[in-house]
Number of protein chains: 2
Amino acid sequence: MLFSTKAEYGVRLMVELGRQPGSQPASLGSVAEAENLPLSYLEHLVAKLRKAGLVTSTRGAHGGYRLAKPAEEITMDAVVEALEGQIAPMECFHDSPEGKVLCSHESDGDQACSTKLLWMRVQGGVTKALAGTTLAELVEFSDQSAQKRVAAIGSAA
Amino acid sequence: MLFSTKAEYGVRLMVELGRQPGSQPASLGSVAEAENLPLSYLEHLVAKLRKAGLVTSTRGAHGGYRLAKPAEEITMDAVVEALEGQIAPMECFHDSPEGKVLCSHESDGDQACSTKLLWMRVQGGVTKALAGTTLAELVEFSDQSAQKRVAAIGSAA
DNA sequence: CGCATAACCGACCGCTTCAGTAGGATTTGA
DNA sequence: TCAAATCCTACTGAAGCGGTCGGTTATGCG
C-alpha cells in the first residue's frame with residue numbers, strides 16, 4: 001500500500017468538514033459517527049491537520065473543527081502530507097534547499113544512481129495527482145453520489 | 001515513503017543484471033559488492049524476482065542470475081510489484097475480476113466513497129510512471145552517468 | 001456556580017512489516 | 001572432492017500502524 005489509513009481517514013474527515021453548511025464547526029464525534037471511524041483515533045489525525053494549518057478548532061461546548069480555508073483552495077497534497085509526512089517514493093529522496101530532488105546515493109557532483117530516473121517519474125505522477133485534486137472536488141464528488149442514492153430511493157418509493 | 005528499500009535494492013539489482021554483457025550470469029555476490037548491499041538480504045529479493053519470472057538462475061559454481069527477458073521488454077511496474085506486492089494507494093483498493101478498481105467501502109451499487117476519485121488519480125499516476133519506464137531506460141541512464149564520471153576523471157588527469 | 005460537552009495531550013499496547021542475519025541444504029563446474 | 005554458488009527456513013531488533021485509555025483544559029448553558 002502506498003498510503004495507510006491515516007490518509008484515508010484524514011481525507012474523509014476533511015471531506016466531512018467540507019460538507020458542513022456555512023462555516024459551522026463540526027464536532028469530531030459527529031464526524032466519527034458519520035464516517036463510522038473511531039473517535040479517539042481521529043483525534044490524533046485532526047491534530048496533525050490542525051498543526052499543518054488546514055483546520056481550525058474551537059474548544060468547549062458546541063465547539064468543533066472547521067476548514068481553515070475554502071475547500072477550493074485546499075489541495076490534497078497538503079492534506080496527505082500533513083497526515084503521512086513527506087511524500088517521497090524512497091527513503092533516499094528528499095527536497096534539497098533549492099527545491100530540487102536529490103538522492104542521497106549521489107554523494108557529490110552530477111553522479112546519478114540508477115534508480116533516480118524511475119523515482120523522479122513516480123514522484124511526479126503522485127504529486128501531480130495529489131496537487132491537482134482539490135478538497136472541493138471530493139466534496140462535490142461525494143455529494144453527487146449521495147444525490148444518486150436519494151434519487152434511487154425516491155424512484156423506488 | 002511510498003516504497004521500501006525492497007524496491008530500491010531490487011531495481012538496482014535488476015539494473016546490474018541488465019548491465020551484464022551478453023547473457024552471462026552474474027552471481028549475487030558480485031552484484032552485492034558492486035552496489036554495496038548485503039548479500040543475504042538480496043537473496044530474499046531475488047527470490048521474489050525469480051518467482052515473478054523476471055530473472056532466471058543457474059545453480060552451482062559459476063552460476064548466477066540473468067534477466068529472463070530483454071531489458072526493453074521489462075517494465076518497472078512488474079519489477080516493483082514483484083518486490084512490494086500489489087501496488088494500490090490504499091488498503092480498500094483492489095482489482096475486481098473485470099479489472100476495474102473497486103473500493104471496499106462501496107458495498108454495492110454505484111455508491112462511491114468520497115476518497116475514490118483521489119485514489120484513482122494517484123493510482124493512475126503511479127502505474128503510468130512505472131509501466132512507462134523500462135529496465136533498458138534505467139540501464140542506459142546509469143551508463144550515461146558512468147560515462148560522465150569517466151570523462152570527468154579523464155579531463156582531471 | 002456547576003455541569004455537560006467538547007478539544008487537547010501523552011502514554012501504552014498488540015500486531016505486522018522491515019531490514020537484516022544465520023545456518024544449513026543442494027546443485028554444479030573444475 | 002572441493003569450492004562456489006543458489007536455495008530455503010527460521011529468527012531478531014526496531015519501527016510503524018491502528019487503535020485505546022485516562023486525564024486536563026476550555027467553554028457554552030441553565
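Throughout, protein chains are lettered first and strands after them, A, B, ... in sequence-line order, and every chain is numbered starting at 1.
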To the nearest angstrom, the CD-P distance between A/Gln86 and D/dG16 comes to 15 Å
Would you kindly give the CG-to-C1' distance between A/Leu2 and C/dT17, to the nearest whole Å?
16 Å
Answer yes if the side chains of A/Arg121 and B/Thr133 hold a donor-acceptor pair under 3.5 Å, and no otherwise.
yes
Tell me whether A/Gln20 contacts the main-chain N or O of A/Ala26 through its side chain, where contact means a donor paired with an acceptor under 3.5 Å.
no
Winner on side-chain proximity to B/Ser4, out of D/dG19, C/dC18, C/dG20, is C/dC18
Whether B/Lys6 contacts C/dC18 is assessed here as follows: a side-chain N or O lying under 4.0 Å from the phosphate OP1 or OP2. Is that the case?
yes
How close or far is atom C1' of C/dT21 from atom OH of B/Tyr9, stated in whole angstroms?
14 Å
Could you check how far CE of B/Met1 sits from C1' of C/dT17, rounded to whole Å?
16 Å
What integer distance in Å separates A/Lys48:NZ from D/dG18:C1'?
12 Å
Euclidean distance, atom CD of residue B/Glu8 to atom C1' of C/dG20 [Å, nearest integer]
16 Å
Is the closest side-chain donor-acceptor distance between B/Thr5 and A/Glu91 under 3.5 Å?
no
In B/S/- notation, 5' to 3', how is nucleotides 3-12 of chain C contacted by protein heavy atoms closer than 4.0 Å?
--BSBBBBB-
Can you tell me if B/Glu33 has over 12 outside heavy atoms packed within less than 6.0 Å of its CD?
no
Give the C-alpha distance, both sets of side-chain angles, the deciding distance and a yes or no for salt bridge (Lys or Arg N to Asp or Glu O under 4.0 Å) between A/Glu16 and A/Arg12.
CA-CA 6 Å; A/Glu16 201 65 29; A/Arg12 297 168 90 91; over 6 Å; no
note: B/Leu45, atom CG; C/dG20, atom P; distance rounded to Å ~ 9 Å
4.5 Å side-chain heavy-atom contact, B/Thr115 and A/Glu8
yes
Interatomic distance, A/Leu83 CG vs D/dC17 P [rounded to whole Å]
11 Å
